[in-house]
Chemist: 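Here it is: the structure, laid out below.
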Amino acid sequence: MSTSTGRRGGVGDVVKRLLVGRALATNKQEHQLLPKLLALPVFSSDPLSSVSYATEEMMLVLAAAGVGALAYKMPIAIAIAALLAIVVTSYRQTVKAYPKGGGSYIVAKENLGTIPGLTAAAAILSDYVLTVSVSVTAGTVAVSSAAPSLAEHRVVIALGFITLVTIANLRGVKEAGSLFAVPTYGFVAVIAVMLLTGFVRCLSECPVAETARIPLEPVSALTIFLILRAFASGATALTGVEAIADGVQAFRRPQAKNAARTLAIMGAISITMFLGITAMAGMLHVRVNEEIATHRSVLAQIGETVFGRGFLFFLLQGLTAGILILAANTSYQDFPRLSSILARDRFMPSNFRNRGDRLVFSNGVVVLAVLSGILIYVFDANLTRLIQLYVVGVFTAFTLSQAGMVRRWMRLRSEGWRRSAIINGIGAVTTGVVLVIVTLTKFTHGAWIVIAAMPVIVATFKGIHRHYESVAGQLRRGAVTPGAILRNHVVLLVTGGPATAEALGYIRSFRPADFHAIYIADGGRNAELEREWADLSSGGPELEVVPSKHGDLLEPVRDYVRRLPRDPDDFITVVIPELVRDSLLVYLLQRRKMVRLKSGLLREENVVVTDAPVVREGKGLAGVDGQALIPQRTVALVFISAVHDATIRAVNYALSLSAAETRVIHFSLDAEESARILEEWSELGFIVPLEIVEAPFRDLTGPMLDEVRNVTARKDTVAAVVIPEFIVPKWRHLLLHNQNALFVKRLFLFEPRVILSSVPYRIEG
């Protein structure tokens, strides 16, 4: 749902359009699908960029055992390249089996069960956050390698890069792909030139890196454990491989075929670059330790040795920084997409399903940016510290996904299932072994944080799911009879001003079962107000005085409402007139007691809160010519988002108003969902038909205002907007629901001749 205030063309909208661009209609989604040429930089920038630091991380571990241990880097690199080939081949199987997107969560949940699926989701989501943090930090290191004076500002630089990538992704998938294509392909090209130049120069005599003579004093023995730890560190080259399997739906058709081809291309390029950089580091005798790595990466040393500190060296550093920063884009594509899938399955807040103006899951984009920014700040943009948290989540997801694929092939036994099961089985065993190695070798270096976090994340998923299941069960009990007409008792809070006159006219338009007028007195009666009420109401109910302490509104009104005689199912409508003439922020700050009154009354059984705002200046209670005008025509508009007891109750309330016309409207954000809602409504047999109004830009501001203004265009007509409102038991539950009711209240607070009624539905537990 939009967060607009309902006033079109404001400063906020202008800034938003400049940064994000004009909104795209939902039917333009097909045009946002990516060809392979753009899909490669969008989904493969992470694995392609990982080669820029994977060799370095492997060498940093080996350097602890002295110079001699660096001889093992090439065999380890070959093992990692073989692992990458296995994983790519396995995921090609997954892409073909799940043409609608087959990430670890979907595959594991479908074939292994809910808990394995949620574990895979927790692992890969944490990995996506770390990918942004590590990639941007590595890019910042590349920048400081070219300009060492910037090293002390690395946190600010990294956060600035995150901001730029976030804005680029909020502009849309296709725009992001076009933006990222140049640095991605440029990086691949300059690495190829560097490796080719280096190998040609080595045909005669290899140049030697400046660090070749730096002593590397051994601080630990060369053990199997150290070699395995170096392997685990170098395995960062595999990060992001799953992204294509998650994002199949973003490819042009045939989607699965194009995704599988892109995955193969990505694997071939990554393996070639990784092995080439590792071999070149050995041929040039590049050395590295923790101190050197803070300002001169291994890749920078290779580039400087091969190219010298000329144009090509700075081009290499610039493109390396570019692709490392843009490698975060892999996460920006898949974190929001996976979050939306989890939200669809009710394991994450429903807000993650909402598409923004540019057809991206913008809430997921923003949350990813915030989480990764926090990590960079907490770890002081230190690549070595951040990278220790890496890879555990990657290989957890890999292993569960491939094990799920094996289970799938064995269950379906379709054509070629044995070959497919063997391929995925090799992938599951291999990645499972690597997961054990990574866990053992990196646990004390920071991996324990991710390992400890995953059960907490899974428990959170389960807690969210239980809440949504409980809410769904309560909403669909069938406890409300469609079309039941119940009595409506009305309490008018007399506050003074023309709003009271308009509220009185509205109340008289629908003949309530009984009508009470009250005012809150703090310290004595208001004789002037009572006289004006007597003149205005002309034979209406006597104005009752409700005493209050310290000017509080909620407690005295709530006590009064509770004492009213009524049947258990009857409605009590508390009408609150207000004169509004300030901005929303000023209103919330200056009318805190009124806001508290409204929210507090909604928690009372069968109490409907009706807001009667008037947007104009005025004195006294008189309407036109001293009379409270009864609108000649009232149209009740009920806005619903689903069909359940809460919406049925809201429609029943609207029918109790005896309006000249009652309309029930659903604003369509998704064609399939709207068709299902229309079918469910038809099954209820309501005498009021359901109208479907298109919201092509997923912003309800325009369509809602248009519907209401079409009614109020007649000067003698009042629009009685009725909305169902969930009342959740705990404040934290508010984060799990779209605050549609608050949006509608804010939208119509400043709209003339609109009376807004909130029909609450209390959710227990």
Chemist: With sequence neighbours left out, write down each residue that passes salt bridge (charged side-chain N to carboxylate O under 4.0 Å, His left out) with R344, or none if nothing qualifies.
Modeler: none

Chemist: Please check if the side chain of N111 supplies one atom and the backbone of R407 the other of a donor-acceptor pair under 3.5 Å.
Modeler: no

Chemist: May I ask you to test the L84-F274 pair for a side-chain heavy-atom distance under 4.5 Å?
Modeler: no

Chemist: For H644, enumerate each residue passing the ring-ring contact (aromatic ring centres under 6.0 Å, His included) test, keeping only those at least two apart in sequence or located in another chain.
Modeler: F726

Chemist: Any donor-acceptor pair under 3.5 Å linking the side chain of R154 with the backbone of N382?
Modeler: no

Chemist: Ignoring hydrogens and angles, tell me if any N or O in the side chain of Y98 forms a donor-acceptor pair with the backbone of V248 under 3.5 Å.
Modeler: no

Chemist: Using 4.0 Å as the upper bound for N to carboxylate O, is an ion pair formed by E680 and R676?
Modeler: yes

Chemist: Going through the distances and angles, do T184 and L40 end up as a side chain to side chain contact (heavy atoms under 4.5 Å, CB included)?
Modeler: CA-CA 9 Å; T184 302; L40 184 67; 5.6 Å; no

Chemist: To the closest 0.5 Å, what do you measure between CD1 (I124) and CG (L130)?
Modeler: 10.5 Å

Chemist: Would you confirm whether S44, through its side chain, and P41, through its main-chain N or O, come within 3.5 Å as a donor-acceptor pair?
Modeler: no

Chemist: Show me the donor-acceptor pairs within less than 3.5 Å that the side chains of residues 452-465 make with the rest of the protein, sequence neighbours left out.
Modeler:
residue: T460; atom: OG1; partner: V456; partner atom: O; Å: 2.9
residue: H465; atom: ND1; partner: D345; partner atom: O; Å: 3.3
residue: H465; atom: ND1; partner: R346; partner atom: O; Å: 3.2

Chemist: What are the two closest heavy atoms between L48 and M273, and how far apart are they?
Modeler: O-CE, 3.6 Å

Chemist: Distance only, no hydrogens: is a donor on one side chain within 3.5 Å (strictly under) of an acceptor on the other, for S470 and Q474?
Modeler: yes

Chemist: Is the shortest side-chain heavy-atom distance between R411 and E110 below 4.5 Å?
Modeler: yes

Chemist: Find the distance between CG (L83) and CG (L238) and round it off to the nearest 0.5 Å.
Modeler: 4.5 Å

Chemist: Is a side-chain N or O of R413 found less than 3.5 angstrom from the main chain of M410, in a donor-acceptor match?
Modeler: yes

Chemist: Would you find a donor on one side and an acceptor on the other, under 3.5 Å apart, between the side chain of Q255 and the backbone of F251?
Modeler: yes

Chemist: Give the C-alpha distance, both sets of side-chain angles, the deciding distance and a yes or no for side chain to side chain contact (heavy atoms under 4.5 Å, CB included) between Q402 and V87.
Modeler: CA-CA 9 Å; Q402 299 312 305; V87 171; 5.9 Å; no

Chemist: Could you check whether any side-chain N or O of D127 sits under 3.5 Å from a backbone N or O of G393, counting only pairs where one atom can act as donor and the other as acceptor?
Modeler: no

Chemist: Which atom pair, heavy atoms only, marks the closest approach of T262 to A39?
Modeler: CG2-C, 4.4 Å

Chemist: Run the salt bridge (charged side-chain N to carboxylate O under 4.0 Å, His left out) test against R261 and tell me which residues pass, sequence neighbours left out.
Modeler: none

Chemist: Which heavy atom in G117 sits nearest to a heavy atom in A108, and how many Å separate them?
Modeler: CA-CB, 3.7 Å

Chemist: Could you pull out all donor-acceptor pairs under 3.5 Å where a side-chain atom in residues 428-441 meets a protein atom, sequence neighbours excluded?
Modeler:
residue: T430; atom: OG1; partner: I426; partner atom: O; Å: 2.6
residue: T431; atom: OG1; partner: T399; partner atom: OG1; Å: 3.3
residue: T431; atom: OG1; partner: G427; partner atom: O; Å: 2.7
residue: T431; atom: OG1; partner: A428; partner atom: O; Å: 3.3
residue: T439; atom: OG1; partner: L435; partner atom: O; Å: 2.8
residue: T441; atom: OG1; partner: I437; partner atom: O; Å: 2.7
residue: T441; atom: OG1; partner: V438; partner atom: O; Å: 3.4

Chemist: Any side-chain heavy atom of L375 within less than 4.5 Å of one from V134?
Modeler: no

Chemist: Can you see which heavy atom on L669 is nearest to which on A695, and at what distance?
Modeler: CD2-CB, 3.8 Å

Chemist: With a 4.5 Å heavy-atom cut-off, do T236 and M58 have their side chains touching?
Modeler: no

Chemist: If I compare all heavy atoms of A321 with all of V143, which pair ends up nearest, and what's the gap?
Modeler: CB-CG2, 3.7 Å

Chemist: Tell me which one of T131, L338, V365, L125 satisfies side-chain contact (heavy atoms from CB on, under 4.5 Å) with S331.
Modeler: T131

Chemist: Which atom pair, heavy atoms only, marks the closest approach of G364 to P336?
Modeler: C-CG, 3.8 Å

Chemist: Measure from the side-chain N and O atoms of S233 to the backbone N and O of R229, and report whether any donor-acceptor pair falls under 3.5 Å.
Modeler: yes

Chemist: Can you tell if the side chain of W417 reaches within under 4.5 Å of the side chain of L412, non-hydrogen atoms only?
Modeler: no

Chemist: Donor-acceptor check, side chain of S372 to backbone of A369, threshold 3.5 angstrom: yes or no?
Modeler: yes

Chemist: Take S641 and F667 through the test side chain to side chain contact (heavy atoms under 4.5 Å, CB included) and record every step on the way to the result.
Modeler: CA-CA 7 Å; S641 59; F667 295 94; over 6 Å; no

Chemist: How about L342 and F352: do any of their side-chain heavy atoms sit closer than 4.5 Å?
Modeler: no

Chemist: Test Y332 against I162 for side chain to side chain contact (heavy atoms under 4.5 Å, CB included), laying out the working first.
Modeler: CA-CA 10 Å; Y332 274 95; I162 284 181; 3.6 Å; yes

Chemist: Suppose we call two aromatic rings close when their centres sit under 6.0 Å apart. Are F398 and Y91 close by that rule?
Modeler: yes

Chemist: Working to the nearest 0.5 angstrom, can you tell me the gap between D334 CG and S339 OG?
Modeler: 10.0 Å

Chemist: How many angstroms lie between atom CE of M405 and atom NZ of K96, to the nearest 0.5 angstrom?
Modeler: 11.0 Å

Chemist: Taking only residues two or more places apart in sequence or in another chain, which ones pass salt bridge (charged side-chain N to carboxylate O under 4.0 Å, His left out) with E694?
Modeler: none

Chemist: If we ignore hydrogens and angles and just use 3.5 Å, is the side chain of N424 paired with the main-chain N or O of S90 as donor and acceptor?
Modeler: yes

Chemist: Hey, what do you get for CG (N363) to CG (N351), rounding to the nearest 0.5 Å?
Modeler: 5.5 Å

Chemist: Would you check if Q93 and R419 make a side-chain contact, meaning some heavy-atom pair closer than 4.5 Å?
Modeler: yes

Chemist: Rounded to the nearest 0.5 Å, what's the gap from OH on Y185 to CG on L319? Could you check?
Modeler: 14.5 Å

